[in-house]
Amino acid sequence: MDYQKILEDIYMEIQPYAGKGAQADYIPALAKVNPDQFGIALRTVSGDSYEYEKAQTRFSIQSISKVFALAMALSMRGEDLWKIVGKEPSGTAFNSLVQLEVEKGKPRNPFINAGAIVIADMLISELDDPDAAFLGFIRALSGTDTIDYNMEVAESEREKGYLNAAIANMLKYHGTIKNDIEDVLMFYFRMCSVEMSCTELAQALLAFTNCQPFDYAGFKLTSSQIKRLNAVMQTCGFYDEAGEFSYLVGLPGKSGVGGGIVAVYPMRYSVAVWSPRLNSKGNSIMGMKALELLTTYTQESIF
Ligand code: GLN
């Protein structure tokens with residue numbers, strides 16, 4: 001399979017979508033990013049790597065961090081985790097409060113903000129230094145020691161983080177989170193602020209593609225846990241567009257409002273794509289289109 005040519009063809013073909021949508025600006029620091037950028041990187045389990053355009057430019061991974069946080073929490077809490085956070089698609093926006101109130105403080109899944117804030121709370125409870133542990137895990141997964149938080153982005157999100165603060169307060173009211181609200185939110189914002197490139201993300205996601213038991217920086221997952229994490233990406237990775245992504249792309253994946261999307265084809269390849277302009281659901285327009293074309297041209301999707 002000539003993946004390199006396919007990536008280049010895809011880039012040409014998505015040009016009509018350039019300029020459509022807008023980058024996230026509810027986090028003021030993200031509004032400074034040039035929205036007209038695109039990168040893509042693909043890694044195969046047999047060790048080949050392909051990339052095109054700005055694949056090595058780092059960007060704010062935002063909600064893609066929720067995959068790594070869930071992996072850490074699963075590694076420490078195992079199946080008990082699901083007593084506190086559900087694993088059903090929400091059908092609502094990533095920052096919605098409505099369902100959380102109706103369902104008395106149990107988030108639908110770990111990939112909407114409410115669920116990820118609960119996972120952040122668990123990591124704080126379990127770890128002596130959650131900041132260092134989170135970085136240690138993603139640095140080990142990607143094999144890159146320079147990956148770091150962007151504190152300007154984290155602070156900027158905190159300043160305008162009214163909705164996430166409302167979610168955290170609701171969780172605290174229902175006793176779902178144990179630690180101080182401000183500490184939990186700041187850790188959540190820091191995880192979202194991490195900057196990685198498409199090449200680094202594709203490398204990091206290979207561990208979830210191989211489906212082999214792993215141990216990165218002391219966080220161990222069994223192949224069964226990896227399979228289940230992929231299942232949650234498939235059903236919940238795109239909030240109220242999870243059905244659309246499944247329909248168009250047909251791979252487990254996760255998006256972030258920095259414009260990044262990661263996806264895995266189990267036992268075959270991991271892919272990361274980035275372009276900051278988003279649709280109304282908070283997912284990258286060019287990114288979604290690129291992945292739709294990737295699985296169409298390669299005829300490699302799980303369906
Ligand atoms: N930090 C962002 C928020 O909480 C993450 C959202 C996202 O990437 N979908 O709103």
Side-chain angles (χ1 to χ4, degrees), residues 21-33 35 58-70 85 89-100 107-121 123 131 134 138 149-171 177 181-196 198 201 232-233 235-242 244-245 253-263 272-285 287-288:
Q23 78 221 81
D25 57 3
Y26 75 96
I27 303 172
L30 291 185
K32 292 194 216 156
V33 176
R58 284 185 175 162
F59 58 89
S60 202
I61 67 169
Q62 292 298 317
S63 285
I64 296 171
S65 63
K66 293 171 176 147
V67 176
F68 305 128
L70 174 62
V85 183
S90 67
T92 57
F94 61 83
N95 52 9
S96 172
L97 261 171
V98 177
Q99 212 165 43
L100 191 63
R108 273 288 172 104
N109 67 66
F111 291 157
I112 52 171
N113 288 11
I117 289 169
V118 174
I119 298 290
D121 178 67
L123 296 181
D131 281 331
F134 185 73
I138 54 180
Y149 301 113
N150 179 328
M151 289 310 294
E152 188 200 339
V153 171
E155 281 297 338
S156 166
E157 181 161 13
R158 190 186 78 101
E159 266 170 42
K160 301 279 177 181
Y162 309 117
L163 258 185
N164 283 323
I167 290 169
N169 276 276
M170 178 96 71
L171 291 166
I177 59 176
I181 290 175
E182 188 64 18
D183 292 346
V184 176
L185 280 174
M186 258 334 280
F187 180 48
Y188 167 76
F189 294 144
R190 278 195 294 276
M191 289 194 287
C192 291
S193 83
V194 161
E195 292 181 333
M196 291 170 78
C198 290
L201 280 168
V232 182
M233 280 205 272
T235 50
C236 310
F238 295 80
Y239 326 111
D240 42 347
E241 217 171 27
E244 185 77 359
F245 189 81
K254 184 75 202 81
S255 62
V257 293
I261 302 179
V262 295
V273 61
W274 167 62
S275 189
R277 290 186 187 270
L278 309 177
N279 63 20
S280 60
K281 313 282 190 185
N283 298 320
S284 170
I285 291 178
M288 293 234 336

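Only heavy atoms go into these numbers, but all of them, side chains included; no hydrogens, no water, no symmetry mates. Numbering starts at 1 and runs along the sequence shown. In each ligand, atom 1 is the first atom listed, and ligand 1 is the first ligand listed.
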Item to complete: Decide whether the shortest distance between a heavy atom of N113 and an atom of ligand 1 is less than 4.0 Å.
Response: yes
Worksheet, complete the sentence: closest protein heavy atom to atom 3 (C) of ligand 1 is E157 OE2, 3.0 Å
Practice prompt. May I ask you to list the atoms of ligand 1 that are less than 4.0 angstrom from any heavy atom of Y239?
Written response: 7 (C), 9 (N)
Item to complete: Write out the residue and atom name of the closest protein heavy atom to atom 7 (C) of ligand 1, then the distance separating them to 0.1 Å.
Response: S63 OG, 2.5 Å
Fill in: Identity and distance of the protein heavy atom lying nearest atom 1 (N) of ligand 1
Q62 OE1, 2.6 Å
Discussion item. Can you confirm whether the side chains of E241 and N279 place a donor and an acceptor under 3.5 Å from each other?
Written reply: yes
Fill in: C192 neighbourhood, listing ligand 1 atoms whose heavy-atom distance to it stays under 4.0 Å
1 (N)
Fill in: Contact check, Y26 vs ligand 1, heavy-atom distance below 4.0 Å
yes
Item to complete: Check whether any side-chain heavy atom of E182 lies under 4.5 Å from a side-chain heavy atom of R158, and answer yes or no.
Response: yes
Worksheet, complete the sentence: Within 4.0 Å of some non-hydrogen atom of G256, the atoms of ligand 1 are 8 (O)
Worksheet item: Considering only the protein, which heavy-atom contact is closest to atom 4 (O) of ligand 1, and what is its distance?
Response: Y188 OH, 2.7 Å
Worksheet item: Do the ring planes of F134 and Y149 sit parallel (below 30°), tilted (30 to 60°) or perpendicular (above 60°)?
Response: parallel
Discussion item. So if I count the atoms of ligand 1 from 1 in the order they appear, which ones are less than 4.0 Å from some heavy atom of N164?
Written reply: 3 (C), 4 (O), 10 (O)
Worksheet item: Going by distance alone, is a donor N or O of one side chain under 3.5 Å from an acceptor N or O of the other, for N113 and Y188?
Response: yes
Worksheet item: Would you find a donor on one side and an acceptor on the other, under 3.5 Å apart, between the side chain of Q99 and the backbone of S90?
Response: yes
Worksheet item: Parallel, tilted or perpendicular: which describes the rings of F59 and W274, with under 30° parallel and over 60° perpendicular?
Response: parallel
Worksheet item: Do the side chains of P28 and K160 get nearer than 4.5 Å, heavy atoms only?
Response: yes
